[in-house]
> 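If you scroll down you'll find the structure; I have some questions about it.
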Amino acid sequence: MNSPDRPTAPTAPTAPTAPTAPTVDVTTWSLEQTSPTDLAPAKAPDDDVRIVRAEVPSPEFSRFLYTAVGGDVRWTDRLDLTYAQWQEIVDRPGAETWVAYVDGTPAGYVELDPQDDGVVEIMYFGLVPAFRGRRIGGHLLSRGTERAWDLAGRWPGRPATRRVWVHTCSLDGPHALANYERRGYRLFDTTVAPEPEVAAPGPWPGAFPA
């Protein structure tokens with residue numbers, strides 16, 4: 001005797017596949033100096049540029065510099081940090097921010113990150129867009145590198161700097177890598193990796209077209 005047909009269970013609907021976020025291949029170059037004599041200083045620009053250390057740790061000022069300089073080149077890694085996290089960054093012993101001023105206006109900055117064993121990283125460096133192309137960048141990088149080499153003289157107990165390094169990537173300005181090499185930095189590592197493709201955030205949302 002044949003068994004009656006069993007009813008077929010309904011098939012669960014297939015969940016829609018989430019669209020894949022677009023990515024872009026980003027090349028990152030790491031460069032270093034291992035002696036103060038490696039530095040090849042740039043000629044001073046025609047503008048009257050003053051480079052001053054921001055001696056009072058200020059999360060507000062540091063975040064302003066970060067967004068003003070990096071807004072059009074997709075600096076996004078610090079945008080979601082809390083005030084307390086920014087405070088921790090600027091309060092680290094040996095951390096310094098050197099700011100370039102042109103006629104009293106902040107034009108760019110160098111942030112020095114103190115690391116173990118006498119190593120200093122140039123964590124961030126760049127110019128506000130309006131001041132690019134005026135030969136200020138090479139001068140600022142030269143002075144920032146000098147301050148990395150003599151960092152221990154301003155921080156008692158810190159060992160003398162023995163290495164200064166920096167990394168830049170293909171999302172930065174088109175002349176960034178060449179600027180570092182002209183200042184005497186030597187390439188020691190190159191990597192290529194996919195990263196999410198994001199719009200330039202600008203110094204505030206909507207400052208640049210998507």
Side-chain angles (χ1 to χ4, degrees), residues 29 31-33 35-75 78-79 86 89-92 94-114 120-155 158 161 164-169 171-186 200-204 207-208:
W29 300 280
L31 306 98
E32 66 179 354
Q33 294 185 6
S35 168
T37 59
D38 291 340
L39 175 62
K43 182 180 178 182
D46 296 330
D47 295 276
D48 183 14
V49 180
R50 295 175 60 244
I51 299 174
V52 179
R53 178 183 165 195
E55 296 194 39
V56 178
S58 168
E60 295 90 343
F61 188 45
S62 292
R63 195 179 193 283
F64 156 73
L65 292 169
Y66 176 85
T67 57
V69 169
D72 68 329
V73 287
R74 297 174 176 84
W75 288 7
R78 286 186 174 179
L79 292 180
W86 276 99
I89 289 171
V90 299
D91 279 344
R92 289 166 303 148
E96 293 185 348
T97 298
W98 291 83
V99 185
Y101 292 88
V102 176
D103 295 330
T105 300
Y109 78 114
V110 176
E111 180 183 315
L112 302 181
D113 180 43
V120 179
E121 180 182 358
I122 294 183
M123 182 63 72
Y124 290 98
F125 156 72
L127 298 175
V128 175
F131 293 93
R132 296 172 191 161
R134 294 164 56 171
R135 295 179 44 238
I136 298 171
H139 179 59
L140 175 58
L141 179 58
S142 298
R143 295 296 174 264
T145 302
E146 290 175 347
R147 300 293 74 81
W149 279 114
D150 61 22
L151 184 70
R154 294 182 297 279
W155 294 90
R158 178 171 175 82
T161 300
V164 179
W165 76 284
V166 66
H167 68 267
T168 186
C169 75
L171 297 179
D172 287 337
H175 307 297
L177 177 61
N179 189 17
Y180 290 119
E181 292 179 324
R182 283 196 296 270
R183 302 287 71 79
Y185 283 88
R186 297 181 302 276
W204 53 85
F208 297 113

> Under the side-chain contact (heavy atoms from CB on, under 4.5 Å) test, which residues partner Asp150, sequence neighbours left out?
Arg147, Arg154

> Using a 4.5 Å cut-off on heavy atoms from C-beta on, say whether the side chain of Phe125 contacts that of Tyr180.
yes

> Mind checking the NE2-CD spacing from His167 to Glu32? Nearest 0.5 Å is all I need.
14.5 Å

> Check each of Val90, Thr97, Leu65 against Glu111 using the side-chain contact (heavy atoms from CB on, under 4.5 Å) test, and report the only one that passes.
Thr97

> Quick one: ring pair (Phe, Tyr, Trp, His ring centres under 6.0 Å) partners of Phe131, sequence neighbours excluded?
none

> Looking at Ala68 and Pro203, what are the two nearest heavy atoms and their distance?
CA-CB, 4.3 Å

> Do Glu60 and Trp86 have side chains that approach each other closer than 4.5 Å (heavy atoms only, starting at C-beta)?
no

> What closest approach, in Å, do Gln33 and Arg183 show between heavy atoms, and which atom pair accounts for it?
NE2-O, 3.0 Å

> Distance from Tyr101 atom OH to Ile51 atom CD1, nearest 0.5 Å?
11.5 Å

> Checking Arg132 side chain against Leu127 main chain: does a donor-acceptor pair fall under 3.5 Å?
yes

> Test of understanding: with ring pair (Phe, Tyr, Trp, His ring centres under 6.0 Å), list the residues that count as partners of Trp75, not counting sequence neighbours.
Tyr66, Tyr124

> Could you go through the side chain to side chain contact (heavy atoms under 4.5 Å, CB included) check for Tyr185 and Val164 one step at a time?
CA-CA 9 Å; Tyr185 283 88; Val164 179; 3.5 Å; yes

> Mind running side chain to side chain contact (heavy atoms under 4.5 Å, CB included) on Val99 and Arg50 for me, showing each step along the way?
CA-CA 8 Å; Val99 185; Arg50 295 175 60 244; over 6 Å; no

> On a heavy-atom basis, which atom in Leu140 and which in Gly108 lie closest, and how many Å separate them?
CD2-C, 3.8 Å

> Please verify the inter-ring angle class for Phe64 with Phe61; under 30° counts as parallel, over 60° as perpendicular, anything in between as tilted.
parallel

> Out of curiosity, Thr161 OG1 to Trp155 CH2, how far, rounded to the nearest 0.5 Å?
13.0 Å

> Nearest 0.5 angstrom please: Arg134 CZ to Asp46 CG, how far?
10.0 Å

> Specify the closest pair of heavy atoms between Pro114 and Arg92, including all atoms of both residues, with the distance to one decimal.
CD-NH1, 4.1 Å

> Does the side chain to side chain contact (heavy atoms under 4.5 Å, CB included) test come out yes or no for Leu177 and Asp172, once each step is laid out?
CA-CA 9 Å; Leu177 177 61; Asp172 287 337; over 6 Å; no

> Would you give the length of the straight line joining atom CD1 of Ile122 to atom CH2 of Trp98, rounded to the nearest 0.5 angstrom?
13.0 Å

> Kindly give the heavy-atom pair with the smallest separation between Pro41 and Ser142, and that separation in Å.
CA-OG, 3.5 Å

> Using every non-hydrogen atom in the two residues, find where Val49 and Ala100 come nearest and quote the distance to one decimal.
CG1-CB, 4.1 Å

> So for atom CG, which belongs to Asp103, do other residues, nucleotides or ligands contribute more than 12 heavy atoms lying within a distance under 6.0 Å?
no

> Check whether any side-chain heavy atom of Leu141 sits under 4.5 Å from a side-chain heavy atom of Val110, and report yes or no.
no

> Using 0.5 Å steps for rounding, measure from the CD atom of Glu55 to the CD atom of Glu96.
8.5 Å

